[in-house]
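For reference, the structure discussed in these notes is given below.
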2 protein chains.
Amino acid sequence: MGNSKKSASENMPKIVVLRWGHRPRRDARLTAHVALAARALGASGFILSDIEDKKIKETVEKVKRNWGNGFFFEMGVSWKEAIKRWKTKGGIVIHLTAYGENIQTSDVLQRIKKPGKDILIIVGSQKVPKEFFSKAFSDFNVAIGNQPHSECASLAVFLDRLFEGEELKKSFENAKVRIIPQKRGKKIVKNL
Amino acid sequence: MGNSKKSASENMPKIVVLRWGHRPRRDARLTAHVALAARALGASGFILSDIEDKKIKETVEKVKRNWGNGFFFEMGVSWKEAIKRWKTKGGIVIHLTAYGENIQTSDVLQRIKKPGKDILIIVGSQKVPKEFFSKAFSDFNVAIGNQPHSECASLAVFLDRLFEGEELKKSFENAKVRIIPQKRGKKIVKNL
């Protein structure tokens with residue numbers, strides 16, 4: 001109320017993705033994909049919680065060096081600590097889970113967007129701690145459909161809907177390489 | 001023109017996902033996620049091309065047994081053969097690639113949907129054969145943003161946009177387990 005001056009792009013809240021439950025060998029590629037999807041689809045940063053994995057960090061840093069910056073990578077912080085910090089700063093926490101409110105059949109996305117707050121998105125793996133569902137940690141439990149599938153796929157759809165597609169127009173600061181979209185073949189521009 | 005009687009859901013074309021370049025050890029979880037995302041987000045089937053991997057097949061079949069059928073899994077067919085078969089039956093082929101036409105900034109999705117044909121979606125890995133971009137194999141090269149990220153994320157956004165979100169309402173035949181969406185906690189119904 002009284003906030004109608006806000007334009008979607010001007011006052012876009014900050015979105016950060018927290019990846020819980022990463023197992024370095026088993027999830028190597030999957031976690032890298034989640035991090036790169038977070039970056040490409042408009043998030044401001046990525047937290048690998050409760051563990052350090054230099055390979056994932058290197059993958060993300062290499063993409064940043066070549067394709068542009070404006071995305072932070074953090075690792076090793078405990079998930080509880082990260083959520084506490086986030087909430088202290090006034091942000092809200094979304095837990096993506098197949099058990100949550102269906103993003104298509106409920107009004108959960110509207111309720112998430114309404115206050116215009118910064119959003120921490122938690123993506124877990126198969127079995128997450130029960131606490132993720134509790135009021136103390138998550139403000140919303142959101143399902144990208146109520147079927148088991150993929151945290152990477154869920155995150156992508158959530159971000160695409162949250163930003164209403166605008167994230168795919170974004171250009172990145174200090175990019176050395178940039179793709180010029182083509183109907184056929186590959187075209188890139190390099191700034192060396 | 002003259003086709004305005006068609007309703008989106010009645011005449012929904014069949015969508016199948018072809019995964020190319022799977023390496024059993026390295027891509028184990030990622031390919032499983034791509035297959036499960038395909039199923040959960042409305043595709044009719046999944047083809048693991050050029051290789052057999054029983055573990056992926058088991059993962060998908062187990063999900064089908066518990067969460068419902070209506071999705072086929074095929075493996076080992078060569079990608080060229082699969083595409084040839086598809087085209088012979090009148091279907092079109094979409095290659096998802098960061099180099100393609102941007103789904104947000106171009107009208108590529110409209111052009112894809114207009115003829116209402118069945119769609120084979122090819123998702124590759126890092127380096128795909130050059131032929132994927134050629135007229136002989138792909139009808140459209142589509143980018144979910146022109147940044148490097150994830151075939152799993154790209155597929156998810158593509159399917160969500162193609163089906164306009166309707167895929168997330170879908171119920172599956174013969175499901176033994178079904179989630180009842182909740183704001184907090186987990187609720188399932190079992191038909192044993």
Side-chain angles (χ1 to χ4, degrees), chain A residues 26-30 32-34 36-41 63 67-68 97-106 108 130 133-135 138 140-141 143-157 160-161 165-170 172 178-188, chain B residues 26-30 32-34 36-41 63 67-68 97-106 108 130 133-135 138 140-141 143-157 160-161 165-170 172 178-188:
Chain A
R26 210 177 150 193
D27 298 327
R29 294 203 66 223
L30 194 56
H33 278 232
V34 172
L36 295 180
R39 175 185 171 279
L41 299 173
V63 167
W67 296 87
T97 165
Y99 295 95
E101 294 183 80
N102 188 312
I103 198 169
Q104 180 69 16
T105 61
S106 77
V108 67
K130 225 178 162 180
F133 291 92
S134 76
K135 253 189 182 159
S138 59
F140 298 94
N141 289 277
I144 309 304
N146 299 105
Q147 291 286 323
H149 57 106
S150 163
E151 56 270 28
C152 187
S154 293
L155 176 66
V157 170
D160 191 45
R161 291 190 176 208
E166 292 296 312
E167 79 284 0
L168 300 181
K169 293 179 181 175
K170 187 175 164 183
F172 288 78
R178 205 160 46 85
I179 287 170
I180 313 293
Q182 299 291 310
K183 288 189 178 177
R184 305 234 168 251
K186 304 180 183 183
K187 188 171 182 180
I188 58 169
Chain B
R26 213 178 146 191
D27 299 327
R29 295 203 65 221
L30 194 56
H33 278 233
V34 172
L36 295 180
R39 176 185 169 278
L41 299 173
V63 167
W67 296 87
T97 165
Y99 295 94
E101 294 183 81
N102 189 310
I103 198 168
Q104 181 68 17
T105 61
S106 78
V108 68
K130 225 178 161 177
F133 292 92
S134 76
K135 253 188 183 158
S138 59
F140 297 94
N141 288 277
I144 309 303
N146 299 105
Q147 291 286 323
H149 58 106
S150 163
E151 56 271 26
C152 187
S154 292
L155 175 66
V157 171
D160 191 45
R161 291 189 177 209
E166 293 296 313
E167 79 285 359
L168 299 181
K169 294 179 181 174
K170 187 176 164 181
F172 288 79
R178 204 160 47 84
I179 287 170
I180 314 292
Q182 300 291 309
K183 289 190 178 176
R184 305 238 166 248
K186 304 180 181 181
K187 189 171 181 178
I188 59 170

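Remember, it's a predicted structure, so these values are computed and weren't measured experimentally.
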**Request:** Tell me, for B/A143 versus chain A, whether the close heavy atoms (under 4.5 Å) come from the side chain, the backbone, both or neither.
**Result:** neither
**Message:** Given 3.5 Å as the limit, does a donor-acceptor pair link the side chain of A/N102 with the main chain of A/I144, or not?
**Reply:** no
**Prompt:** What residues form a ring pair (Phe, Tyr, Trp, His ring centres under 6.0 Å) with B/F133, not counting sequence neighbours?
**Reply:** B/H95
**Prompt:** Which bit of A/A98 is near chain B, if near means a heavy-atom gap under 4.5 Å: side chain, backbone, both or neither?
**Reply:** both
**Prompt:** Side chain, backbone, both or neither: which part of B/K135 has a non-hydrogen atom closer than 4.5 Å to chain A?
**Reply:** both
**Fill in**
The interface call for B/D160 against chain A, heavy-atom contacts under 4.5 Å, is side chain
**Item:** Heavy-atom contact with chain A under 4.5 Å, split by part of B/R26
**Value:** both
**Short N-O contact, A/E167 and A/K170, less than 4.0 angstrom** = no
**Complete:** Whatever's closer than 4.5 Å to a heavy atom in chain A on B/I103 counts as side chain
**Request:** Mind checking side chain to side chain contact (heavy atoms under 4.5 Å, CB included) for A/A40 and listing every partner two or more places apart, or none if nothing turns up?
**Result:** B/Q147, B/H149
**Prompt:** Among A/A32, A/S154, A/P148, A/A153, which has the most heavy-atom pairs under 4.5 Å with chain B?
**Reply:** A/P148
**Prompt:** In terms of heavy-atom proximity below 4.5 Å to chain A, should B/S134 be classed as side chain, backbone, both, or neither?
**Reply:** backbone
**Fill in**
Counting heavy-atom pairs under 4.5 Å with chain B, the top scorer among A/E151, A/K130, A/R161, A/R39 is A/R161
